[in-house]
Amino acid sequence: MQIKKSKVWLAALGACALSLAASAAEPLKIGLVLPMSGPFASYGKQIEHGARLYLEQSGGTFSGRKVELIIKDDTGVAPEISKRAAQELVVKDKVHVLGGFGLTPSAFAAAPIASESHTPMIVMNAATSSITTKSDYILRVSHTLPQVTAPVASWAAKNKIKKVYTLVADYGPGHDAEAQFKKTFTAAGGEIVGEVRTPVKSPDFAPFLQKIKDAKPEAVFLFVPPGEQTIAFIKGFVERDLAKAGIRIIATGDLTSEDVLDGVGDNALGIVNSFHYSEAHNSPENKTFVQAYYKAYPKDRPNFMAVSGYDGMQLIAKTLEKTGGDASGDKFMAAAKGLGWTSPRGPISIDPVTRDIVQTIYIRKVEKVADKLQNVEFEQTANFRDPGKP
Ligand code: PHB
């Protein structure tokens, strides 16, 4: 009887091991929710490019599992579409990991889906500080607006800029940027002489630019989502003679993203900004990344979103290395917390408590390097956490 029982156990164990092996070999499905059309389509393109590049460099497999990447277009600022896309990816496509999220409303909308289904959700751009508090299954590999704003506010105060006018897009990341700039700049003795919030979609900057000119600040601090808006703002700033009136632009590096710099042209020269990634970042990891990116996508310049797509996939790969290929929600989250590596942007890690990214923030100035506009880094703060978190 005893012998019989142990035989049954052994058979059961064998079957279990076989099914574990089968599930480890089962393809790993990753679903990205991204703006692939509309005014923010370049976000989707950059993130997809970065993600595919990492996947290709990994031979298409993570920890022995073939990776299937499924992309759903949420068209930009359309939370209902983002939510439906995340739901379909989880329920119909049965993805193991969600990712992408170009803009804040999209990440907010998908957070409950991650919580309900226990699916890890990797934010690859959306940068409002509070996003990671909306679900225990969220991890972020991009940046937060307070994280990239505080350093340029300190830099301005240290560099004899005393009066600043703030202009931000009227939604989460803009509100975060405005609050952090005010906090850091005024604590260092600076004065805010005016502030304005502009519509997220297709703002007309002309009336705001006139108001800023009349207030005679030494500088305007700016956050608007990069794309047509950044090009329009800088064009209007020059055409309305704000630069001639001696007003400077300071900003987070969203403004001078490599994706839009060529569209802005020489008017961007001299803009000081703070950020986590520059195409000109001088490191072996970045040189390899940039070279591979141009080889794969010769018509596009890599920006911070491409690096975030790349690192988002890298986070998934490194997490699966730790779990032995197991992507089940709770095991995945436990293994991902605290992971760190050298990204093309510099050293990064995932804060084990907030699940947000810890990274170096650089102060940069737009300069011509070999006839190309680049964000040239000249100061840095290492291991910088999101100051927007308690
Ligand atoms: C956001 O919507 O959270 C967002 C969009 C563009 C950025 C940063 C943040 O560059």
Side-chain angles (χ1 to χ4, degrees), residues 33-36 38-47 50 74-79 81-82 99-111 121-134 138 140-150 152 167-181 197-203 221-234 251-261 263-264 271 273-279 301-309 311-312 345 356-357 359 361 364 375 386 388:
V33 178
L34 287 172
M36 302 304 297
F40 302 107
S42 73
Y43 297 19
K45 181 188 70 180
Q46 288 274 352
I47 293 173
D74 70 2
T75 74
V77 183
I81 301 181
S82 310
F101 309 102
L103 292 112
T104 287
S106 153
F108 278 153
M121 167 172 161
I122 303 186
V123 175
M124 298 178 179
N125 188 56
T128 299
S129 174
S130 64
I131 287 172
T132 42
T133 68
K134 302 298 176 194
I138 295 181
R140 178 156 39 199
V141 290
S142 51
H143 62 298
T144 79
L145 259 302
Q147 187 181 44
V148 294
T149 295
V152 77
L167 180 145
V168 299
D170 191 6
Y171 78 128
H175 300 169
D176 272 5
E178 181 192 83
Q180 188 65 49
F181 190 87
R197 293 176 174 185
T198 55
V200 181
K201 287 187 194 169
S202 329
F221 166 77
L222 176 79
F223 168 80
V224 294
E228 292 303 319
Q229 298 195 24
T230 37
I231 296 174
F233 180 87
I234 296 175
T252 62
D254 307 83
L255 181 72
T256 56
S257 153
E258 287 75 5
D259 206 34
V260 291
L261 261 183
V264 174
I271 294 180
N273 61 88
S274 54
F275 222 38
H276 54 296
Y277 178 70
S278 165
E279 182 191 332
R301 291 186 67 175
N303 74 354
F304 62 106
M305 299 188 198
V307 170
S308 199
D311 280 332
R345 68 186 102 169
D356 226 325
I357 187 153
Q359 56 192 336
I361 305 299
R364 310 101 52 89
N375 290 290
D386 173 26

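Nothing fancy with the numbering, it's 1 onward along the sequence. Ligands are counted one by one from 1 in listed order, and the atoms in each one are counted from 1 as well.
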Rounded to the nearest 0.5 angstrom, the CD1-OH distance for I361 and Y277 is 14.5 Å
Check the angle between the aromatic planes of H276 and H143 and answer parallel, tilted or perpendicular using the 30° and 60° thresholds.
-> parallel
Would you indicate whether the side-chain heavy atoms of N125 and F304 approach each other to under 4.5 Å?
-> yes
To the nearest 0.5 Å, atom CD1 of I131 lies from atom CD1 of I138 at 7.0 Å
With S129, the side-chain hydrogen bond (donor to acceptor under 3.5 Å, both in side chains) member among D386, T144, D176, D356 = D386
Find out whether P173 and F223 are in side-chain contact, i.e. whether some heavy atom of one side chain is under 4.5 Å from a heavy atom of the other.
-> yes
Please tabulate, one line per pair, the protein N or O atoms found under 3.5 Å from any N or O atom of ligand 1, giving the distance to one decimal.
unit_1: ligand 1; atom_1: 2 (O); unit_2: T104; atom_2: N; d: 2.9
unit_1: ligand 1; atom_1: 2 (O); unit_2: Y171; atom_2: OH; d: 2.6
unit_1: ligand 1; atom_1: 3 (O); unit_2: T104; atom_2: N; d: 3.3
unit_1: ligand 1; atom_1: 3 (O); unit_2: T104; atom_2: OG1; d: 2.5
unit_1: ligand 1; atom_1: 3 (O); unit_2: A127; atom_2: N; d: 2.9
unit_1: ligand 1; atom_1: 10 (O); unit_2: D254; atom_2: OD2; d: 2.5

